[in-house]
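One structure is given below, encoded as structure tokens.
The figures that follow rest on heavy atoms only: side chains count, while hydrogens, waters and symmetry mates do not. The model shown is predicted, which means the values in this text are computed figures rather than measured ones.
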Amino acid sequence: MQVDDALLSRLEKLSFLKISEDKREEIIEQLSEIVGFVDNLSELDTEGVDATFAMSDAATPLREDTPDCNPEIHEEILKHAPKSADDFFIVPKIIE
Amino acid sequence: MFEVVIGLEVHVQLNTKTKLFCSCPTSFNHKQNTNTCPTCLALPGALPVLNKEVVHKSIMLGTALDATINRVSYFDRKSYFYPDSPSAYQITQLYTPIVEHGKLQIDFEDGSNKTIRVNRAHIEADAGKNIHDGDISKVDLNRAGTPLLEIVSEPDLRSAEEAILYLKKLHSIIRYIDIGDANMQEGSFRVDVNVSIRPKGDEKLYTRVEIKNINSFKFIQKAIEVEVSRQVEAWEDGTYDEEIVQETRLFDQVKQETRSMRGKEEAADYRYFPEPDLLKCEVTDEMMEKYTKIPELPDAKKERFVSEYGMNQYNASVITSSVEMANFFETMMAEDGVSAKTATTWLTVELQARLKGDVNIMNSPVDAKKLGFLVKRIDDKTISGKAAKEVLDHLMENEAVSVDDAIDTLGLKQVTDTGAIEAMCDEIINANQDKVEQYKAGKEKLFGFFVGQVMKASKGSANPQAVNEILKAKLG
């Protein structure tokens with residue numbers, strides 16, 4: 001897969017991230033390298049392997065529907081959030 | 001002539017005690033962010049563990065919709081970036097949902113019906129809530145990770161009326177099998193409508209427009225009607241191709257119009273892929289055995305009411321439209337000597353009229369047993385219907401008082417003792433000999449006068465039917 005400036009712009013839009021002009025070349029290079037690395041997987045012949053194939057044939061474990069919540073945990077998390085007030089996480093205004 | 005084509009997507013919040021993938025309590029109106037944990041806040045390293053009850057409730061819905069329950073289904077990851085989803089993806093079931101190929105019957109007033117196909121119902125996680133406040137947005141993630149079933153119909157609906165019938169039936173089924181509260185105002189039953197039009201006879205599907213999150217049946221009906229007019233007008237004006245594009249629109253309740261939610265933006269790219277943090281979801285034989293046994297559904301209950309209580313179709317469908325009302329009615333009928341006809345009137349007319357504000361059928365000071373007993377007292381002629389209204393008013397105000405005590409206190413016991421009524425009739429006849437002469441001479445209108453006088457003498461407690469019969473006999 002070719003990573004070019006158009007794809008980078010699209011990724012910026014999807015991820016809500018802004019890549020500055022002087023970093024673009026470098027990021028494109030790094031992304032190409034990562035995608036190229038993952039491309040190695042394509043060497044594997046997956047003909048006849050079901051798309052839902054998983055390493056384990058076990059079903060996902062199920063949990064009892066019993067509430068359990070430690071109030072200290074969310075306080076701790078809110079404390080470490082970049083911005084919080086009145087127990088809300090605060091983010092820049094979302095344009096609707 | 002145009003044909004309207006509608007498909008509906010309904011998000012139902014399941015009434016489990018905990019979230020879909022973690023043990024945080026599901027809640028409405030709790031303090032912001034108190035019901036969160038590393039899993040639903042998507043902290044690195046936290047892994048989802050599926051709630052057993054969600055699988056059970058999905059099987060129940062699948063059974064109610066006469067659908068295929070997939071013994072193996074899979075979760076998929078839908079990527080999108082928005083602050084109400086801390087993981088920046090939603091876990092859902094795109095490729096193999098737990099429930100597929102169901103159907104739901106809608107009934108028209110004229111007694112005919114139509115089967116609407118249900119494409120699928122899949123499990124997914126709800127997002128949190130954003131509160132917009134000036135330059136910032138406040139994020140509350142209590143709802144993040146709440147289990148949803150998204151129930152998707154085929155585009156089989158042909159009018160706003162059909163859409164509403166479908167939604168009401170689906171709503172009623174969810175309440176009957178008790179898998180969710182299905183409260184539209186609180187957002188536990190959320191409806192997205194897909195609408196398109198086509199020339200009658202055309203089999204092709206044209207551009208569909210999605211109208212999102214409308215929170216009442218009334219507004220859903222209106223939203224469909226105005227959107228259909230918009231599309232028809234564009235077609236007739238020759239501007240259909242430019243004006244009608246596949247997009248999401250919002251219904252403006254004040255202006256009574258739909259409008260585009262966002263400008264022309266490149267189509268969202270959700271980059272779906274199989275969820276790597278979860279293995280396949282398996283429905284075991286034991287689960288099938290246990291959770292395909294569901295409570296009686298509205299249609300079955302209606303038919304049973306018709307045959308068991310001799311009710312007409314209309315009354316039966318009114319009573320069974322809500323599970324709370326149906327259960328209330330059955331408790332009333334459990335009292336000996338209660339007729340279905342009187343019980344229906346007293347439940348749907350008299351009690352309903354007295355339920356105001358926060359008082360509803362579930363917390364009414366007059367419960368089903370008590371109303372049943374009051375109806376019994378009407379049916380056995382202890383009190384008249386008119387007197388019963390007074391008794392009911394009194395009971396609504398005085399929860400601890402029994403029906404019979406209220407009748408005694410108010411002195412409303414109906415006199416059915418014919419001896420007492422005969423004595424009263426004799427008294428009135430003797431006191432009004434002149435009128436008796438006139439009546440006998442042919443002035444039949446005067447009969448009403450005598451009935452009125454006797455009723456007055458009895459302070460309204462005489463059984464009017466008995467008074468009529470006795471007077472007729474005495475006046476010849």
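With respect to B:Lys280 and A:Asp57, a salt bridge is recorded, a charged nitrogen being found less than 4.0 Å from a carboxylate O. Salt bridge annotation for A:Asp65-B:Lys52: absent, with no cationic side-chain nitrogen under 4.0 angstrom from a carboxylate oxygen.
Counting heavy atoms from C-beta on, the side chains of B:Ile131 and A:Phe88 come closer than 4.5 Å. Counting heavy atoms from C-beta outward, B:Met287 and A:Leu62 have side chains that approach closer than 4.5 Å. B:Ser23 is not listed as a side-chain neighbour of A:Pro67, based on a closest heavy-atom distance of 4.5 Å or more.
For residues 83-95 of chain B, a heavy-atom distance under 4.5 Å to chain A picks out B:Pro83, given by residue number.
Few gaps surround CD on A:Glu75; more than 12 heavy atoms of other groups in view lie less than 6.0 Å from it. For A:Asp22, the CG atom sits in a packed shell: over 12 heavy atoms of surrounding residues, nucleotides or ligands are nearer than 6.0 Å. The environment of B:Gln256 atom CD is dense: over 12 non-hydrogen atoms of other residues, nucleotides or ligands sit within 6.0 angstrom.
Smallest separation of non-hydrogen atoms from B:Cys22 and A:Arg63: O-NH2, 3.1 Å. Taking both residues in full, the closest heavy atoms of B:Ser137 and A:Lys93 are given as OG-CA, 3.7 Å, listed atom of the first, atom of the second, then distance.
Heavy-atom pairs under 4.5 Å with chain B peak, among A:Ile77, A:Asn70, A:Ile73, at A:Ile77. Here B:Thr18 is the residue among B:Val72, B:Leu141, B:Thr34, B:Thr18 with the most heavy-atom pairs under 4.5 Å with chain A. For chain B, the option among A:Ala54, A:Ala58, A:Ser84, A:Ser56 with the highest count of heavy-atom pairs below 4.5 Å is A:Ala58. Of all the listed residues (B:Lys19, B:His56, B:Lys17, B:Arg271), the one sharing the greatest number of non-hydrogen pairs under 4.5 Å with chain A is B:Lys17.
When heavy atoms are compared at a cutoff of 4.5 Å, B:Val54 does not approach chain A at all. Within the 4.5 angstrom heavy-atom criterion, only side-chain atoms of B:Lys31, from C-beta onward, approach chain A. In this structure, chain A has a heavy atom under 4.5 Å from the backbone of B:Phe21, while its side chain stays farther away. With a 4.5 Å cut-off on non-hydrogen atoms, B:Leu47 does not touch chain A at all.
At least one donor-acceptor pair under 3.5 Å links the side chain of B:Asn33 to the backbone N or O of A:Asp87. Judged purely by atom type and a 3.5 angstrom limit, B:Gln32 uses its side chain to pair as donor or acceptor with the backbone of A:Asp86. The backbone N or O of B:Leu279 lies less than 3.5 Å from a partner atom in the side chain of A:Thr60, making a donor-acceptor pair.
In this structure, CZ in A:Phe89 is found 14.0 Å from CD1 in B:Ile136, a value given to the nearest 0.5 Å.
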Chi angles and distances behind the salt bridge (charged side-chain N to carboxylate O under 4.0 Å, His left out) call for A:Arg10, B:Asp269: CA-CA 10 Å; A:Arg10 184 158 165 69; B:Asp269 180 352; 3.1 Å; yes
Start with the C-alpha gap between A:His74 and B:Thr36, add the side-chain angles, then the distance that decides, and say whether side-chain contact (heavy atoms from CB on, under 4.5 Å) holds. CA-CA 6 Å; A:His74 85 268; B:Thr36 57; 3.2 Å; yes
